[in-house]
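Chain identifiers are assigned alphabetically (A, B, ...) following the order of the sequence lines, protein sequences preceding nucleic acid strands; residue numbering begins at 1 within each chain.
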There are 2 protein chains.
Amino acid sequence: MKSSRQPSLLDQHCDYLKHIFRLQQAQSPVSTSALAESLKVAPSTVTDTLKKLSQKGLINYTPYHGITLTPKGEKLAVKAIRRHRIVERFLTDMLGFEWHEAHEEALRFETQLSDEVERRLFVALNRPKVCPHGYPIPSKVEDVRVEETTLYSLEPGERAEVISVKDDEPELLQFMASLGIKPGVKIKVVAKDPFKGPLQAVVGRNRRTVGWHLANSIHVRKLD
Amino acid sequence: MKSSRQPSLLDQHCDYLKHIFRLQQAQSPVSTSALAESLKVAPSTVTDTLKKLSQKGLINYTPYHGITLTPKGEKLAVKAIRRHRIVERFLTDMLGFEWHEAHEEALRFETQLSDEVERRLFVALNRPKVCPHGYPIPSKVEDVRVEETTLYSLEPGERAEVISVKDDEPELLQFMASLGIKPGVKIKVVAKDPFKGPLQAVVGRNRRTVGWHLANSIHVRKLD
DNA sequence: ATTATAATTTCGGCATTCCGAATTTTCAAG
DNA sequence: CTTGAAAATTCGGAATGCCGAAATTATAAT
Ligand SMILES: [Mn+2]
Ligand SMILES: [Mn+2]
Ligand SMILES: [Mn+2]
Ligand SMILES: [Mn+2]
């Protein structure tokens with residue numbers, strides 16, 4: 001396919017930047033294999049693309065030694081993340097999608113939207129602060145901040161408010177919703193089994209059992 | 001790019017079907033060169049793609065003798081047209097775009113939308129009957145009907161209602177809007193110069209001069 | 001320092017979409 | 001019937017994105 005815009009970014013490249021940005025938060029520099037797994041392509045494919053991104057000045061790439069985003073790449077990554085979250089919001093607020101559908105649905109077409117459509121969507125949605133999963137809709141790099149504390153890190157007796165939940169596993173999200181867990185909800189941990197065992201908690205006014213994986217997908221802020 | 005869906009249609013193919021459908025209304029079978037011009041690609045490229053479409057059973061293709069849509073291809077073309085018009089409506093009604101922007105903006109991302117998003121958009125828009133330019137939003141082949149009469153075919157003294165206006169030339173649309181011409185508006189032809197000369201008309205309560213090309217881009221229905 | 005293992009890159013290849021130049025086919029005129 | 005121009009197709013080739021297998025590099029263990 002002939003690209004309609006020469007200087008601008010290929011959709012695929014935006015995708016790479018988004019994934020690199022996310023992986024970078026856990027570990028920097030990001031490795032080829034981590035990116036490959038995240039993007040679900042072969043490592044050799046990633047190496048190909050990395051060279052192009054490097055040439056465009058979007059990443060610092062030292063063969064065999066991983067990659068980091070350049071300031072320019074970081075800006076574009078934030079732009080892509082912002083767009084993704086606005087589109088998610090559109091899908092839930094204006095079209096009535098469930099939050100577990102919104103993430104994947106957004107991925108389908110978000111890269112094709114013009115800046116103008118994004119701007120107008122944001123306005124039509126009343127300038128939302130967060131996506132349906134509780135993550136901030138960023139304007140700049142500093143805005144992309146994730147609550148460090150997860151539900152699993154709480155000790156029995158502690159109370160916390162759910163800030164955001166990982167949105168990349170639809171089934172997990174759906175199950176979470178069935179437990180009444182979503183941003184804004186208050187949770188009190190009652191008990192926690194050792195060895196990454198499940199956790200007992202009161203969600204709203206229901207008693208729930210929450211497994212390790214699920215509890216670690218929930219970002220919270222401790223209350224008093 | 002790896003396609004996520006094997007049996008389904010490539011975006012490009014939908015595009016071909018849409019164009020073939022439109023050209024077919026003027027002349028059937030459609031020629032390679034007509035399609036090439038419409039799609040703005042080289043004739044050799046069209047020939048390549050035609051073979052693929054033919055193999056998928058979407059068109060009847062006899063080399064050197066033009067193409068027609070099969071029933072299957074026709075159905076998909078109508079589906080694509082429907083989607084386009086719903087998205088245009090979304091852009092004008094929900095995001096406040098001008099109608100001259102809506103058409104091109106829609107082309108950018110319409111092919112990426114899932115059926116479910118389309119369905120929900122349609123409902124959220126209150127099941128509109130026509131696109132912003134006055135063309136029907138079709139459910140089946142028969143629904144795609146264009147008013148045959150254009151403003152230019154009227155004789156002085158005749159009155160008509162604007163039904164739809166050609167939407168593929170943004171500048172023309174913008175100019176049209178500045179003259180107060182849009183679907184639903186009533187126009188009375190006052191005079192018409194010979195030899196494809198301009199036409200004098202009363203639009204609403206303003207006197208306007210309308211050139212041949214413009215007047216032929218306006219589909220009308222005669223009144224009484 | 002050597003060596004094995006894992007991570008990464010290189011290489012050749014496949015598929016798609018596009019193009020221009022050369023060739024083939026059609027069809028209308030003579 | 002020829003024949004010549006227009007239209008369409010074939011052919012070779014470029015760019016992109018992807019992959020698996022082979023080669024290379026890093027690095028951790030001996
Ligand atoms: Mn998401
Ligand atoms: Mn989200
Ligand atoms: Mn249109
Ligand atoms: Mn329209």
Side-chain angles (χ1 to χ4, degrees), chain A residues 1-20 23-24 26-56 58-68 80 107-109 111-112, chain B residues 1-20 23-24 26-56 58-69 80 107-108 111-112:
Chain A
M1 181 73 86
K2 207 181 359 184
S3 86
S4 49
R5 48 203 165 136
Q6 279 74 22
S8 186
L9 230 50
L10 274 43
D11 299 343
Q12 186 215 13
H13 291 182
C14 287
D15 233 57
Y16 270 67
L17 296 179
K18 261 199 310 189
H19 280 85
I20 295 168
L23 293 172
Q24 213 173 38
Q27 191 190 41
S28 183
V30 174
S31 71
T32 300
S33 48
L35 235 194
E37 194 188 0
S38 182
L39 290 161
K40 297 181 201 309
V41 294
S44 52
T45 305
V46 173
T47 303
D48 286 346
T49 311
L50 255 28
K51 287 178 203 154
K52 292 172 200 156
L53 290 175
S54 177
Q55 206 166 16
K56 290 201 177 190
L58 301 173
I59 61 170
N60 304 116
Y61 173 44
T62 317
Y64 293 103
H65 291 281
I67 57 200
T68 57
L107 290 180
R108 293 180 62 118
F109 66 92
T111 56
Q112 303 300 319
Chain B
M1 181 72 87
K2 207 181 357 183
S3 85
S4 47
R5 44 201 169 141
Q6 279 77 22
S8 186
L9 230 50
L10 275 43
D11 300 342
Q12 187 216 11
H13 291 182
C14 288
D15 232 57
Y16 270 68
L17 296 179
K18 261 199 310 189
H19 280 84
I20 295 168
L23 293 171
Q24 213 173 36
Q27 193 189 42
S28 183
V30 174
S31 70
T32 300
S33 49
L35 194 50
E37 194 189 0
S38 181
L39 290 162
K40 296 180 201 309
V41 295
S44 53
T45 305
V46 173
T47 303
D48 286 347
T49 311
L50 254 31
K51 287 178 204 156
K52 290 173 202 156
L53 290 174
S54 176
Q55 207 166 18
K56 290 201 178 190
L58 302 172
I59 61 171
N60 303 117
Y61 172 46
T62 318
Y64 294 104
H65 292 281
I67 56 200
T68 56
L69 291 174
L107 291 179
R108 293 179 62 120
T111 56
Q112 302 301 318

_Derivation of the side-chain contact (heavy atoms from CB on, under 4.5 Å) call for A:K56 and A:L10_ = CA-CA 11 Å; A:K56 290 201 177 190; A:L10 274 43; 4.3 Å; yes

*Verify side-chain contact (heavy atoms from CB on, under 4.5 Å) between B:L107 and B:K18, making sure each step is shown before the conclusion.*
CA-CA 12 Å; B:L107 291 179; B:K18 261 199 310 189; 3.7 Å; yes

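Atom-to-atom distance recorded for A:H13:NE2 and A:I20:CD1 is 10.0 Å, nearest 0.5 angstrom. Atom OG1 of A:T68 is separated from atom CG of A:N60 by 3.5 Å, given to the nearest 0.5 angstrom.
Per the geometry, OH belonging to A:Y61 stands 13 Å off P belonging to D:dT25, to the nearest Å. As rounded to whole Å, 15 Å separates atom P of D:dA15 from atom CG of A:D48. Following rounding to the nearest Å, A:E37 (CD) and C:dA7 (C1') show an atom-to-atom distance of 14 Å. The nearest whole Å value for the distance from the OH atom in A:Y64 to the C1' atom in C:dT9 is 4 Å. Rounded to an integer number of Å, the gap from CG of A:D11 to P of D:dG17 is 10 Å. Rounding to whole angstrom units, CG of residue A:L50 and C1' of C:dT10 are separated by 14 Å. The distance from atom OH of A:Y16 to atom P of D:dT16 is 14 Å, rounded to the nearest whole Å.
Contact between the side-chain N/O atoms of B:T45 and the OP1/OP2 oxygens of C:dC18 is not found at any separation under 4.0 Å. At the phosphate of C:dC18, neither OP1 nor OP2 sits under 4.0 Å from any side-chain N or O atom of B:K40. In terms of phosphate contacts, B:K51 brings a side-chain nitrogen or oxygen within less than 4.0 Å of OP1 or OP2 of D:dT10. Proximity of A:H65 to the phosphate of D:dA26: a side-chain N or O atom is located under 4.0 Å from OP1 or OP2. Here B:Q12 reaches the OP1 or OP2 of C:dT17: one of its side-chain N or O atoms lies under 4.0 Å away.
Applying the side chain to side chain donor-acceptor pair (under 3.5 Å) test to B:S28 and every residue at least two apart in sequence or in another chain returns nothing. Residues forming a side chain to side chain donor-acceptor pair (under 3.5 Å) with A:D48 (at least two apart in sequence, or on another chain): none.
The side chain of A:S44 sits closest to D:dG20 out of D:dG20, C:dT26, D:dT9. Nearest to the side-chain atoms of A:A42 among the listed nucleotides D:dT16, D:dC18, D:dC19 stands D:dC19. Considering only side-chain atoms of A:L10, the nucleotide from D:dG20, D:dA8, D:dG17 that sits closest is D:dG17.
Closest heavy-atom contact between A:T47 and A:Y61: CG2-OH, 3.7 Å.
Within residues 28-36 of chain A, the residues having any heavy atom under 4.0 Å from DNA chain C are, by residue number, A:S31, A:T32, A:S33.
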